[in-house]
Amino acid sequence: MANDLAIVDVAGVGLNATDTVIRLPHFPAFNSKTKVLSVERCAGGQVASAVVACRRWGLSARYVGSVGDDDAGQFQRRELDKEGVEAHWLVARGARSQFAFVLVDEPTGERTILWGRDPKLTIRPEHLDRRWVERARLLLVDGHDAPAAAQAARWARAAQIPVVADVDNLYSGVEGLLESADYVLASEEFPARLLGEADPLRALPMLARDFGCRLTAVTLGERGALAWDGARFHYAPAFLVDAVDTTGAGDIFHAGYIYGILAGWQTDRCLEFASAAAGLNCTRIGARGGISPVEEILRFAEAAHRRESAYEVGPRGHAAARKP
Ligand SMILES: Nc1ncnc2c1ncn2[C@@H]1O[C@H](COP(=O)(O)OP(=O)(O)O)[C@@H](O)[C@H]1O
Ligand SMILES: [Mg+2]
């Protein structure tokens with residue numbers, strides 16, 4: 001590899017997936033038949049989708065991920081090529097690329113995901129080139145291949161590059177990743193899985209203290225996003241949108257937060273932009289279907305209505321859950 005690898009704004013190491021998005025008039029009952037409204041093949045995957053959003057917003061981006069030598073792998077490669085993302089593919093011979101069947105409930109837009117990942121797709125620390133990480137202004141990782149993500153995060157930290165971690169499940173070795181992550185933006189269920197503490201008001205400070213993170217946050221779907229910065233809570237309600245498909249809301253939320261970090265914004269502004277970007281993404285089908293231009297997201301955040309707040313943050317940064 002050439003020594004003149006460009007410095008990009010965002011480097012992402014982690015998942016891509018090929019989603020078959022199946023829209024249904026209602027979530028199916030056990031042992032029933034349901035006629036589908038539409039079926040579409042969409043590119044998804046946490047890190048790949050977030051990196052694509054950053055690129056659409058004018059940032060330069062690098063992606064490192066794995067695919068099988070199948071048709072879906074070609075599809076993933078074409079999609080990132082088309083977006084102008086610098087991609088480094090680990091191609092697993094004889095493997096099926098990561099896939100998901102996404103059942104979308106038409107009335108609410110909420111998605112239920114059935115997914116699979118061939119073990120041959122595992123990214124290992126020795127697959128990574130240190131320069132992929134070091135030649136970037138920020139690193140995004142997910143927790144699926146935690147040892148590789150942790151390796152990338154340690155390299156980033158050594159080079160003083162901020163690390164954003166998108167964690168949802170307890171993959172083995174995820175603690176090692178958290179130790180080197182600056183911004184941990186987790187799913188709602190993650191703190192209970194890791195710490196046995198489901199209440200984010202207690203879990204977010206615990207997570208920050210135990211792993212030395214600069215910011216810990218959970219996204220709560222329609223109930224918004226709550227963050228702890230080591231001294232105070234921050235909360236952003238979700239925006240009121242006509243949700244068609246919530247697939248990728250979390251991915252685009254992460255992208256929005258990253259955009260804010262790189263723009264030098266304060267926490268509240270990052271959260272608001274991330275929420276608006278994620279909300280708009282829910283108005284179209286697919287994980288990347290509703291990625292909107294920056295100006296549109298800013299206008300939307302200014303003008304749109306918010307859903308009812310799930311938390312109230314006092315003037316000194318204390319937070320309390322609001323009664324539903
Ligand atoms: N139905 C919705 N309407 C408006 N915004 C939403 C909706 N679902 C998610 N969001 C926004 O996207 C963010 C991330 O969504 P969430 O559902 O928590 O992530 P995930 O995609 O991992 O399930 C939320 O914090 C919220 O701002
Ligand atoms: Mg969701």
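Both counts, for ligands and for their atoms, begin at 1 and track the order of listing.
Atom 2 (C) of ligand 1 has as its closest protein heavy atom Glu222 CG, 3.9 Å. Counting only heavy atoms of the protein, atom 6 (C) of ligand 1 lies nearest to Cys282 SG, 4.1 Å. Protein heavy atom nearest atom 23 (O) of ligand 1, with residue, atom name and distance: Arg111 NH2, 3.2 Å. For atom 25 (O) of ligand 1, the nearest protein heavy atom (residue, atom name, distance) is Gly224 O, 3.1 Å. Taking atom 4 (C) of ligand 1 as the reference point, the nearest protein heavy-atom neighbour is Phe239 O, 3.1 Å.
Summarising the local packing, CD of Glu308 is surrounded by 12 or fewer heavy atoms from other residues, nucleotides or ligands at distances under 6.0 Å. Environment of CG in Asp242: sparse, with no more than 12 heavy atoms of neighbouring residues, nucleotides or ligands closer than 6.0 Å. By the 6.0 Å contact criterion, CZ on Arg232 is enclosed, its count of non-hydrogen atoms from other residues, nucleotides or ligands being greater than 12.
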ring-ring contact (aromatic ring centres under 6.0 Å, His included), that's the test. Do Tyr257 and Trp265 meet it? Break it down for me. CA-CA 9 Å; Tyr257 204 94; Trp265 294 346; 9.8 Å; no

Stepwise, does the ring-ring contact (aromatic ring centres under 6.0 Å, His included) test hold for Phe239 with Phe300? CA-CA 9 Å; Phe239 286 88; Phe300 175 78; 5.3 Å; yes

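Those atoms of ligand 1 that come under 4.0 Å of a heavy atom in Ser275, given as number and element, are 27 (O). Contact atoms of ligand 1 toward Gly250: 14 (C), 15 (O), 19 (O), 20 (P), 21 (O), 22 (O) (distance under 4.0 Å to a heavy atom of the residue). Proximity to Thr219 (heavy-atom distance under 4.0 Å) selects the following atoms of ligand 1: 14 (C), 16 (P), 18 (O), 19 (O), 25 (O). Close approach of ligand 1 to Val241 (heavy-atom distance below 4.0 Å) involves ligand atoms 3 (N), 4 (C). In summary, the atoms of ligand 1 found under 4.0 Å from a heavy atom of Ala278, numbered by their order in the structure, are 11 (C), 12 (O), 13 (C).
Judged by distance alone, the side chain of Arg77 and the main-chain N or O of Val67 form no donor-acceptor pair under 3.5 Å.
Screening residues 39-49 for salt bridge (charged side-chain N to carboxylate O under 4.0 Å, His left out), with sequence neighbours left out, gives Arg41-Asp71.
Considering Gly279, Ser49, Ala249 only, the shortest heavy-atom separation from atom 15 (O) of ligand 1 involves Ala249.
Proximity of Leu220 to ligand 1, defined as any heavy-atom pair under 4.0 Å, is confined to the backbone N, CA, C and O atoms.
Below 3.5 Å of separation, one finds an N or O of Gly221 facing an N or O of ligand 1.
With ring centers used as reference points, Phe101 lies 6.0 Å or more from Trp115.
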